[in-house]
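Quick note: residue numbers are just sequence positions, from 1. A quick note: this is a predicted structure, and the numbers were derived from the prediction, not measured.
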Amino acid sequence: MTNGLDPVLPAGRTWRDWAVDAVLFCSAVFLGMVVLGVVEEQGELSGRVAELDPLLGLVTCLALWWRRRFPLAVALIGLPAVALSTSALPAGAVIVTNFALRLRWRQALLTLGAYVVCMVPSGLLLYGRGADLFVDAVFCLVYLLTTFAWGHALRSRRLLLQRLRVDAERARAEHERRLADARRGERQAIAREMHDVLAHRVSLLSVHAGALAYRTRQAQAGAGPALDSAEVAESAEVIRGSAHEAVEELQEVLHLLRAEGDGEPVSLLPRIEDIDSLVADARATGQPVDFHPELTADAVHELRSQLHRTVYRVAQEGLTNARKHAPGAPVSVCLAGGPGRGLTVEVRNELPASSGTDEAIPGTGAGLTGLAERVRLDGGTLDHKVADGIFTLCARLPWSAR
């Protein structure tokens, strides 16, 4: 195909094209012989024209084999033959249909005009008289316009099929793009949830294990009492419990993601009320946390479940970051807001005098990025800044009731 307006110039001929061309060639030869025989029986052809008629008809029929690749050249070759030979009329019908199908609109009209100019007065050349010139002219016009209209109809049908194929391919590509976007969104959602859960629990595990290692090193250096079996067992039990809770929370996250996609009730969603247990876990590791909830229970109960989870994740991320980057520093968590005023979650912690020690808990640095995206999806904003040795993480969310 050359372009969207000319869908009929193939690069190669298929077995179907060969079959169609063979049928058209044989049909044109057969019908041409029939027409020539009828005209010769009536004795209407002049002597010289009657001698050339079979040869011109054969040339026109042979030209049909190249009509696909060279439609304009075949039309020009067939022009004098169709005008001067009655045996070329069947092949001429194929030629006219072909250039109406394959040529551009302006070229096709000009070629049709040339055929009209040459064929209308052809009665004088074929029969040597002008008595039936009007009848011949009407026949020629009907012959040309009918075959040209048929070729144009075929062209319109092929263009329509081509547009439908293009539209189908575009729709398929768009569908694949939407599927890819949906899969990417699912992966990002899973990554955010996994990060929030694992970062919090692993940081708790790291604090407990770090305390156990610190006490052991102090005892080995003689700077402190050695751990007895009960203390070791208690520390191991705390670490085991935290690991077990991490596994359970991961299972809850997977269940949550599936349930949200199916539209089922999601009882495993973390809620604002669960921040109390989050603070309790942080305090159990020795992290000094000051919690200031300034929201009434009735107001909190009316919030959307998605907003509950976002507030919980902001508080969780703030406590996790403070535990990783400012271990032992005091942390304050404040929840404030109400209908018409929005909802504010603020986590503040002092920064350590120095950072980058070997005891620091590693992180990917993607927590705040994922959290900002989560808050933005809920129509809010997330800010974090350092001022006067205080790191502040603040999320502002619209108050959205169920």
Side-chain angles (χ1 to χ4, degrees), residues 188-189 191-193 195-197 199-201 203-204 249 253 256 260 266 268-283 285 287-352 363 365-402:
Q188 291 175 351
R192 285 195 300 268
E193 294 297 331
H195 173 273
D196 293 339
V197 171
H200 175 67
R201 286 299 172 185
S203 66
L204 291 178
E249 289 191 4
V253 167
L256 171 64
E260 285 184 318
V266 286
L268 298 176
L269 273 171
R271 299 182 59 81
I272 293 178
E273 296 89 336
D274 297 328
I275 297 179
D276 288 328
S277 61
L278 194 67
V279 172
D281 289 340
R283 288 170 177 168
T285 65
Q287 185 178 23
V289 181
D290 191 11
F291 184 34
H292 301 282
E294 301 177 5
L295 303 174
T296 63
D298 293 338
V300 169
H301 181 72
E302 295 299 325
L303 290 175
R304 290 187 301 111
S305 298
Q306 177 64 27
L307 203 58
H308 276 269
R309 184 170 60 165
T310 301
V311 172
Y312 180 91
R313 294 306 185 197
V314 172
Q316 185 183 56
E317 181 68 20
L319 290 174
T320 301
N321 283 341
R323 194 158 44 243
K324 289 195 300 184
H325 304 296
V331 183
S332 66
V333 180
C334 180
L335 302 179
R341 296 189 293 123
L343 182 59
T344 302
V345 188
E346 186 178 81
V347 182
R348 298 162 56 92
N349 63 271
E350 297 180 4
L351 294 177
L368 292 178
T369 301
L371 190 63
E373 182 179 354
R374 183 195 296 275
V375 172
R376 185 167 58 253
L377 290 175
D378 282 333
T381 58
L382 182 73
D383 299 318
H384 54 89
K385 61 181 180 179
V386 177
D388 300 328
I390 302 295
F391 177 80
T392 303
L393 177 66
C394 182
R396 296 177 178 86
L397 295 158
W399 190 275
S400 180
R402 287 183 292 184

Exercise for the section: Output all residues satisfying salt bridge (charged side-chain N to carboxylate O under 4.0 Å, His left out) with R396, sequence neighbours left out; order by chain, then residue number. Expected result: D383
Practice task
Could you tell me whether the side chain of H292 and the main chain of A336 form a donor-acceptor pair under 3.5 Å?
Solution key: no
Practice task
May I ask you to decide if L278's main-chain N or O and D281's side chain share a donor-acceptor pair within less than 3.5 Å?
Solution key: no
Handout entry: Close side-chain approach of V311 and V314, heavy atoms under 4.5 Å
Key = no
Handout entry: Under 3.5 Å donor-acceptor, R283 side chain and V289 backbone
Key = yes
Handout entry: 4.5 Å side-chain heavy-atom contact, F391 and H384
Key = yes
Completion exercise
Which of R304, H308, R309 passes side-chain hydrogen bond (donor to acceptor under 3.5 Å, both in side chains) with Q306? Answer is R309
Problem - Those residues that, when tested against D276, pass side chain to side chain contact (heavy atoms under 4.5 Å, CB included) (two or more places apart) - result: F291
Problem - Distance (rounded to the nearest 0.5 Å) between T310 OG1 and D378 CG - result: 3.5 Å
Practice task
Output all residues satisfying salt bridge (charged side-chain N to carboxylate O under 4.0 Å, His left out) with E350, sequence neighbours left out; order by chain, then residue number.
Solution key: none
Handout entry: Nearest heavy-atom neighbours spanning T344 and C394
Key = CG2-SG, 3.8 Å
Problem - Exercise: identify the closest heavy-atom pair between I275 and A315 - result: CD1-CB, 4.1 Å
Practice task
Measure across L382 and A395 and return the closest heavy-atom pair with its distance rounded to 0.1 Å.
Solution key: CD1-CB, 3.7 Å
Handout entry: Closest heavy-atom pair and its distance - A322, V331
Key = CB-CG2, 3.6 Å
Handout entry: N349 side chain near L319 side chain, heavy-atom distance below 4.5 Å
Key = no
Problem - Interatomic spacing from CG in L397 to CZ in R376 - rounded to 0.5 Å - result: 12.5 Å
Practice task
Report the C-alpha separation of L371 and L393 in whole Å, then their side-chain angles, then the decisive distance to 0.1 Å, and conclude whether the side chain to side chain contact (heavy atoms under 4.5 Å, CB included) test is met.
Solution key: CA-CA 11 Å; L371 190 63; L393 177 66; 4.2 Å; yes
Handout entry: Residue list, side chain to side chain donor-acceptor pair (under 3.5 Å) with E346, at least two apart or on another chain
Key = none
Practice task
State, to 0.1 Å, how close L295 and G337 come at their nearest heavy-atom pair, and which atoms those are.
Solution key: CD2-O, 3.4 Å
